[in-house]
Amino acid sequence: MQLKIYNLTFSKLQHFKIFLLSFGLISVVKTSNSFDYFKEKPSFLQACSLSQEDLTKCSTAAVQKLLNEVIKGVPEFKDVIGSLDPFVLNDLTFKQDNTEAANIQIGFSTLVIRDLSKLQVIESRVNRNDFSFLMKLHLPQLRLTGQYKLDGRILLLSLKARGEMSMELEDVNITALIKTHLFTRDDQTFYNVTEVKTDTNIGNLKTNFNNLFDGRSKDLEQSILITINENWREFFEVLRSNINEIIDQITFDLLHKICLFIPAKYFLDDIPTPEK
């Protein structure tokens, strides 16, 4: 998967999502000869009812069960989704400027994300009016490794470097609003995921960038890394908007594709048709 983030405006983000919608639909068409969608409810799906009083509790358990199976690997999803742990991104760029703390561009030729298999669904709340979802997710930790290229300024120091990097995020909490629209296919009702908006908070961040000065000053490199790690909150805030946009896009892409394979009644057994 390739993502490039350059302080996306709302309009650009919407265009990107329209592209992903088209890509998801094309993917289903391409794989339709081997697998179209689940004609019968698979065992890893737990259906809830809009009419039940404990809908949030049921939905939370159902989404957790689904995610556990998706992360382990659902054969029917393999060609479209691929591996989620580790999850690999290529050609990823963060760009942040006009801040006191930093003015930087960080590019990753490859970024490997580990520990998504530990994802916990704290809450999945269904809106009975428009069938959107509000989800609260938690990860005890998230590990990132990759090859980086850095150009810009952090604090008072100008940097231009490339090498290996690693980050470890602890106590990651994500709130996601997932908007949907129902559509009919083969007399079956499906979810069309139309928008994902997330907000991310963390409890700690440990960062390591090697070769910050092309190996010329290991002492200064260690001093900068110590400063970044001691001031991790400020460093995270610099990257927060980019991180949220990336999570938005990844989540949107994955959920959109998954929902094209699963009739909505397997999530909510009394869901109305789009006409109703």
Side-chain angles (χ1 to χ4, degrees), residues 1-27 59 63-64 66-67 70-71 77 80-97 99 105-108 111-116 118-127 130-139 142-144 146 167 169 171-181 191-202 205 235-260:
M1 180 180 292
Q2 296 185 351
L3 295 173
K4 290 184 180 293
I5 308 299
Y6 293 105
N7 288 335
L8 295 181
T9 64
F10 178 79
S11 176
K12 290 180 180 178
L13 190 57
Q14 290 302 102
H15 289 157
F16 185 87
K17 290 178 178 178
I18 291 171
F19 165 77
L20 288 178
L21 277 168
S22 302
F23 178 77
L25 290 170
I26 291 170
S27 296
S59 177
V63 173
Q64 182 72 73
L66 171 61
L67 285 177
V70 171
I71 290 171
F77 296 165
V80 176
I81 296 176
S83 172
L84 294 186
D85 195 1
F87 187 71
V88 180
L89 294 173
N90 297 307
D91 297 329
L92 175 66
T93 300
F94 290 88
K95 184 176 181 180
Q96 183 65 52
D97 51 22
T99 70
Q105 178 171 306
I106 307 176
F108 298 98
L111 185 65
V112 181
I113 304 172
R114 292 181 172 86
D115 294 329
L116 283 174
K118 299 176 182 177
L119 184 65
Q120 302 166 7
V121 182
I122 305 303
E123 182 177 80
S124 174
R125 186 177 297 275
V126 182
N127 187 313
D130 63 5
F131 310 110
S132 62
F133 289 79
L134 180 65
M135 290 190 188
K136 295 181 180 179
L137 309 170
H138 176 74
L139 280 158
L142 199 60
R143 293 176 295 150
L144 290 72
M167 288 187 186
L169 291 77
D171 192 23
V172 181
N173 293 288
I174 302 171
T175 300
L177 176 61
I178 302 158
K179 293 187 178 182
T180 68
H181 179 75
Y191 283 113
N192 179 23
V193 176
T194 58
E195 184 178 358
V196 174
K197 189 68 176 176
T198 61
D199 184 50
T200 304
N201 290 285
I202 64 173
L205 173 64
F235 185 69
F236 177 74
E237 286 300 324
V238 168
L239 301 177
R240 177 193 285 276
S241 62
N242 285 164
I243 290 172
N244 283 334
E245 287 171 353
I246 291 169
I247 295 175
D248 288 352
Q249 293 165 16
I250 293 172
T251 307
F252 175 86
D253 190 21
L254 294 175
L255 289 180
H256 175 71
K257 292 175 181 177
I258 289 172
C259 287
L260 290 176

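Side chains included, hydrogens not; waters and symmetry mates left out as well; all remaining heavy atoms used.
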query = Can you name the residues that form a side chain to side chain contact (heavy atoms under 4.5 Å, CB included) with Ile243, not counting sequence neighbours?
reply = Phe94, Phe236, Leu239, Ile247
request  = Any chance you could measure Leu139, atom CG, to Leu169, atom CG, to the nearest 0.5 Å?
outcome  = 9.5 Å
task = Return the set of residues passing salt bridge (charged side-chain N to carboxylate O under 4.0 Å, His left out) with Lys179 (not counting sequence neighbours), or none when no residue passes.
result = none
Partner residues of Gln120 under the side chain to side chain donor-acceptor pair (under 3.5 Å) criterion, sequence neighbours left out = none
message = To the nearest 0.5 Å, what is the distance between CZ on Phe87 and CG on Leu254?
response = 5.5 Å
query = For Phe252 and Glu195, which heavy atoms make the closest approach, and how far apart are they?
reply = CE1-N, 3.8 Å
key: Short side-chain to backbone donor-acceptor contact, Asn173 and His138, under 3.5 Å   = no
key: With sequence neighbours excluded, residues passing side chain to side chain donor-acceptor pair (under 3.5 Å) with Ser59   = Ser124
key: For Phe131, ring pair (Phe, Tyr, Trp, His ring centres under 6.0 Å) partners two or more places apart   = none
request  = I would like to know whether Phe108 and Leu89 meet side chain to side chain contact (heavy atoms under 4.5 Å, CB included); could you show each step before the answer?
outcome  = CA-CA 9 Å; Phe108 298 98; Leu89 294 173; over 6 Å; no
task = State which residue, out of Leu205, Ile113, Asp171, fulfils the side chain to side chain contact (heavy atoms under 4.5 Å, CB included) condition with Leu142.
result = Ile113
With sequence neighbours excluded, residues passing salt bridge (charged side-chain N to carboxylate O under 4.0 Å, His left out) with Asp199 = Arg240
remark   = Residue set satisfying salt bridge (charged side-chain N to carboxylate O under 4.0 Å, His left out) with Arg125, at least two apart, ordered chain then number -> Glu123
query = Residues in side chain to side chain contact (heavy atoms under 4.5 Å, CB included) with Thr175, at least two apart?
reply = Leu134, Lys136
ask   = Rounded to the nearest 0.5 Å, what separation is found between the CG atom of Leu137 and the CD1 atom of Ile122?
value = 8.0 Å
remark   = OG1 (Thr200) and CG (Asn244) are apart, to the nearest 0.5 Å, by 4.5 Å
note = Rounded to the nearest 0.5 Å, the CG atom of Leu255 sits from the CD1 atom of Ile250 at a distance of 11.5 Å
remark   = Sorted by chain and residue number, the side chain to side chain contact (heavy atoms under 4.5 Å, CB included) partners of Leu67 (sequence neighbours excluded) come out as Val63, Leu119, Val121
ask   = Taking all non-hydrogen atoms of both residues, which atom of His256 and which atom of Val193 are closest, and how far apart?
value = ND1-O, 3.7 Å
request  = State the OG1-CD1 distance between Thr251 and Ile246, to the nearest 0.5 angstrom.
outcome  = 11.0 Å
note = For Leu111 and Leu92 the tightest heavy-atom approach is CD2-CD2, 3.4 Å
query = What residues form a side chain to side chain donor-acceptor pair (under 3.5 Å) with Thr198, not counting sequence neighbours?
reply = Asp248
